[in-house]
Amino acid sequence: MSQRNEIAAADDAVSAEYETVDRRVLVVGAGAAGARAAIELVEQGVPPEDVLVIGKRGHGDAHTTWARGGINGALGTHDPEDDWTVHAADTLNEGHHINDPDAVEAVTERMPRLLRELDDWGMAYSRTEDGGIDQRYFGAQSFRRTAFAGDHTGESLLRTLVAKAQSLDIPYRENVLVSRLVTDGDGPDGRVLGAAGTDLDTGEFVVFDTDVVVLAAGGYTSLYKRHSSRDDENTGDGPALAYQAGAELMDMEFVQFHPTGMVGDRYGEDWDGRLVTEAVRGEGGRLFNSEGERFMEEYSPDQMELDARDVVARAIASEIEAGRGTENGGVYLDISHRDRSFIEERLPRMYERFDELGVDMAEEPVEVAPTAHYGMGGVAVDDAGETRVSGLYAIGETMAGVHGANRLGGNSLAETIAFGEVAGEAIAERLATAPDGRDSDDLHQHARVHLTDLARLAESDGAHDPVALLDEVRELLWDASGIRREADGIEAGLDRLRQVRERASDLAVGDRTSRSYEFAIDLGFALTVAESVLRGARERTESRGAHYRTDHTERDPEWRRNVRYERDSVGGMHLSTTPVDEPSEAVQAALDAGHELDYHQLE
Amino acid sequence: MSTQVTEQETETEEQSSHQRRRLEEKAERAASRDRMRERAENDLDEADTTFTLKVFRYDPEIPEKEEPRFDTFEVPFTKGMTVLDSLMYARDHYDSSLTFRHSCRQAVCGSDALFVNGTQHLGCKTQVVDLGDDGGVPGEIRVEPLPHQEVVKDLVVDMEHFYDQMEAVEPYFDADELPDGMEEQRQTRENREKIKMSSRCIWCGACMSSCNVAAGNNEYLGPAAINKAYKFAMDEREGENRKQERLEIIEQEHGVWRCQTQFSCTEVCPKDIPLTEHIQELKREAVKNNLKFW
């Protein structure tokens, strides 16, 4: 179903061939969310040849593999009093009640069944004595609810999903970078027609002619200086593509800083910001400052190291700022009071990694500091995962709503699986009733405009290196919208962003298979996302969850609202706010019951 | 704010000022490229230790590069440097066309299996100092693409055949029957332990490349695929019927019986999977299985 077309550009110098791929559903992103959505489509009866999953990385190497600690679902393996309403209540509490309650309930209610389904598909869960799916404590959760496979849960999860997708013959194509969604041009009231991008292996342009596009393309935290992702992933592709196509973004100002990232000055630059899984604390790991004090006793005597991620991250940042950090700029995380065999079994990858770096976790602490880890914000969607642009869906980290102002550890993998299923169901139903006829002329016309731009971008001989500009965005976001924020700093960040934007119009770029070409496209995504984060942070004059303003340190009840971002008719970014819905009675009852984690059970 | 002033001037002046700025910036960029090279020279001067990276080069699409050859790069050693780090150093400082696969840099994605000093290694997991004599930095490191696979360009090989062999063992979980409703499948800790090592495979292809049998017989399933079959056949959640079917697949002409227990796959596996042991165990299972039908 592939054909070649010629770009009939007015400017012959940039004309180029492109390949057209005709599929009813294009899933952009081959991590857990994308894979799970594709599986659902086919299980609901959509023929596999109507679906294509594309990834910008190689085989089975999506960012999901970096998720370690676990995946939440109220199985109640150890704690029978747990159920999905308590899971929902914990999620809303952690999100400081600006989550979308319907989205939260969709995830938490589905997860027990979906965890068992993964087991049916061969997931390598760690096991209890009697062969059940084991569950452990994770921060700010009332019960042991986090199922896991050692400390390589994401890796095992993605392998399970990839194998399942292979068994269903779901087509997959790697190393394709989508840089534009094509719509009929009606903005918010529009309809998606397809997508355009580049095969990074061959440098060929590709146009996808589709009924439906699912964005499962990850988040945006690698746009921060210290971050837990690879540099070329989580660059904001999903939100930026959706925004450009006319969808709304939401909650972009909420960025989670994971408390325990590795410290580059101690372990080498390559490791800077890489995650030390929360499971280390879930299994009893303790934090100490350079004076040997277990400082969480000051900040959170009841929940200690397992308080919410924002609380622990700010505590660590405060200790370091007060001069009680290590000489490498971190604090100590110590689990050496546990037996070696316990650590090897429950935290095998961490144990192995530090062992290779010459650190024995069974004998000594590791050095950690906060790192940008997860964007709670993303694309605003309805209960089916659809944006306001007809036929455009966003799921996984790309969507907003499940996590609100902060995310529970173990809820991101849960969201990928749950919303993969939700969107898959909805799209299958849509395809069953919708006629299979598309307006391909319109698609090609719009796509050619974009491909002409891309052809000009490649091998352009301008003044600025895209990598250097991306690094500047990373610096300014870290400075202006990091763990602590205030008005003047944010303004300064917006100024710096304007300067980067100016220089970004004059780039030095290699050919279409070069890294600089990919990074030049990422830079485009980054500029949109960075503007939304900064402007949202400026707008929200309170502190809530992961968003902490040193000039507005209290939570303001008036601000129990979501900030939304849209592209106005002349291309500027327009912000507005909307109120939050109320949870169902069942979940309200769980909230009223006031469950919370009691750390001392762990000791 | 100087641009604001320019905007008020006449168009030609604006253009020429733009042009001047562009030229200046271009000159700056050319200088920065030179600086990169200079920096490499400085790095080399300042480094306590350097080593020579000898890299296989081949590009069928460029006439002057279609003849395979070796290029050498002088690389300054830094503490903790891996073979992948040294390749990236060479690419970033000397020759941006040097091509190799890499992604996660933490031995998860399996994309950078290479032939280093005559043995299969994962580039990101191989410390430069581990290649020298007694923990020292070696004088030279030779890096080639995985043997027995077709080279696409420089260090990149075609993995198609490897993936086909993996596919042949139906590498996906498929239980005979599933529990009803909210019931959970059970798996003992012992069983999970038993298949744990087999599930560590990252599809890097090092084992297949090291195997003499696979090199001589294109049909042989190879260690990675058989290990995959082991993982599922031994998983007690799948059930007896499925296990029989799996044993039939690996018992066929180009399956387990081809293995000559040379242990080369086990030696090179970057994830320490006891591949040969797993193949042997499947042979025993297959024998046991056949005995039933006497």
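Note that the structure is predicted; figures quoted are calculated from it, not measured. Below, chain A is the first sequence line, B the second, and so on; all start at residue 1.
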- Just checking heavy atoms, which of residues 169-176 of chain B are less than 4.5 Å from chain A? P171(B), Y172(B), F173(B)
- Task: Report, as yes or no, whether the 6.0 Å neighbourhood of atom CG on D511(A) holds more than 12 heavy atoms from other residues, nucleotides or ligands.
- Result: yes
- Query: Between E129(A), R353(A), M123(A), H63(A), which has the largest tally of heavy atom pairs under 4.5 Å with chain B?
  - Reply: E129(A)
- Given D235(B), L178(B), I195(B), the one with more heavy-atom pairs under 4.5 angstrom with chain A than any other is L178(B)
- Residue-level interface, residues 97-104 of chain B with chain A, non-hydrogen cut-off under 4.5 Å: S103(B), C104(B)
- Item | Interchain contact, A165(A) with chain B, by part (heavy-atom threshold 4.5 Å) | neither
- Query: Between G132(A), P112(A), G131(A), which has the largest tally of heavy atom pairs under 4.5 Å with chain B?
  - Reply: G131(A)
- Does the side-chain contact (heavy atoms from CB on, under 4.5 Å) test come out yes or no for L75(A) and E184(B), once each step is laid out? CA-CA 10 Å; L75(A) 293 174; E184(B) 250 170 65; 4.2 Å; yes
- Task: Name the member of G358(A), S126(A), G268(A), A124(A) that forms the most heavy-atom pairs with chain B at distances under 4.5 Å.
- Result: S126(A)
- For chain A, which residues of residues 122-129 of chain B have heavy atoms nearer than 4.5 angstrom: K125(B)
- Query: Given the rule in the salt bridge (Lys or Arg N to Asp or Glu O under 4.0 Å) test, do D120(A) and R237(B) qualify, once you have shown the distances and angles that lead to the verdict?
  - Reply: CA-CA 8 Å; D120(A) 295 346; R237(B) 289 174 296 176; over 6 Å; no
- So what's closer than 4.5 Å to chain A heavy atoms on D85(B): side chain, backbone, both or neither? side chain
- Item | Residues R200(B), E352(A): salt bridge by 4.0 Å N-O rule | yes
- Task: For each of R192(B), R186(B), Q106(B), K231(B), tally heavy-atom pairs with chain A at distances under 4.5 Å, and name the one with the top tally.
- Result: R192(B)
- Query: Checking heavy atoms, do the side chain of Y267(A), its backbone, both or neither come under 4.5 Å from chain B?
  - Reply: neither
- Part of E167(B) lying under 4.5 Å from any heavy atom of chain A: side chain
- Any pair counted as salt bridge (Lys or Arg N to Asp or Glu O under 4.0 Å), so long as it reaches residues 264-273 of chain A, sequence neighbours left out: R226(A)-D272(A), R266(A)-E367(A), D270(A)-R105(B)
- Item | Side chain, backbone, both or neither of S514(A) within contact of chain B (heavy atoms, under 4.5 Å) | neither
- Query: Who among L115(A), L357(A), T128(A), D134(A) has the most heavy-atom pairs with chain B under 4.5 Å?
  - Reply: T128(A)
- Are there more than 12 heavy atoms of other residues, nucleotides or ligands under 6.0 Å from atom CD of E43(A)? yes
- Of the backbone (N, CA, C, O) and the side chain (C-beta and beyond), which part of R349(A) lies under 4.5 Å from a heavy atom of chain B, both, or neither? side chain
- Nearest 0.5 Å, what's the NZ-OG1 distance between K153(B) and T513(A)? 6.5 Å
- All heavy atoms of I202(B) vs all of R159(A), minimum pair found to be CG2-NH2, 3.3 Å
- Would you give the length of the straight line joining atom OG of S96(B) to atom CZ of R515(A), rounded to the nearest 0.5 angstrom? 13.0 Å
- Message: I'd like to verify something: which residue of E356(A), R113(A), K164(A) has the highest number of heavy-atom pairs under 4.5 Å with chain B?
- Response: E356(A)
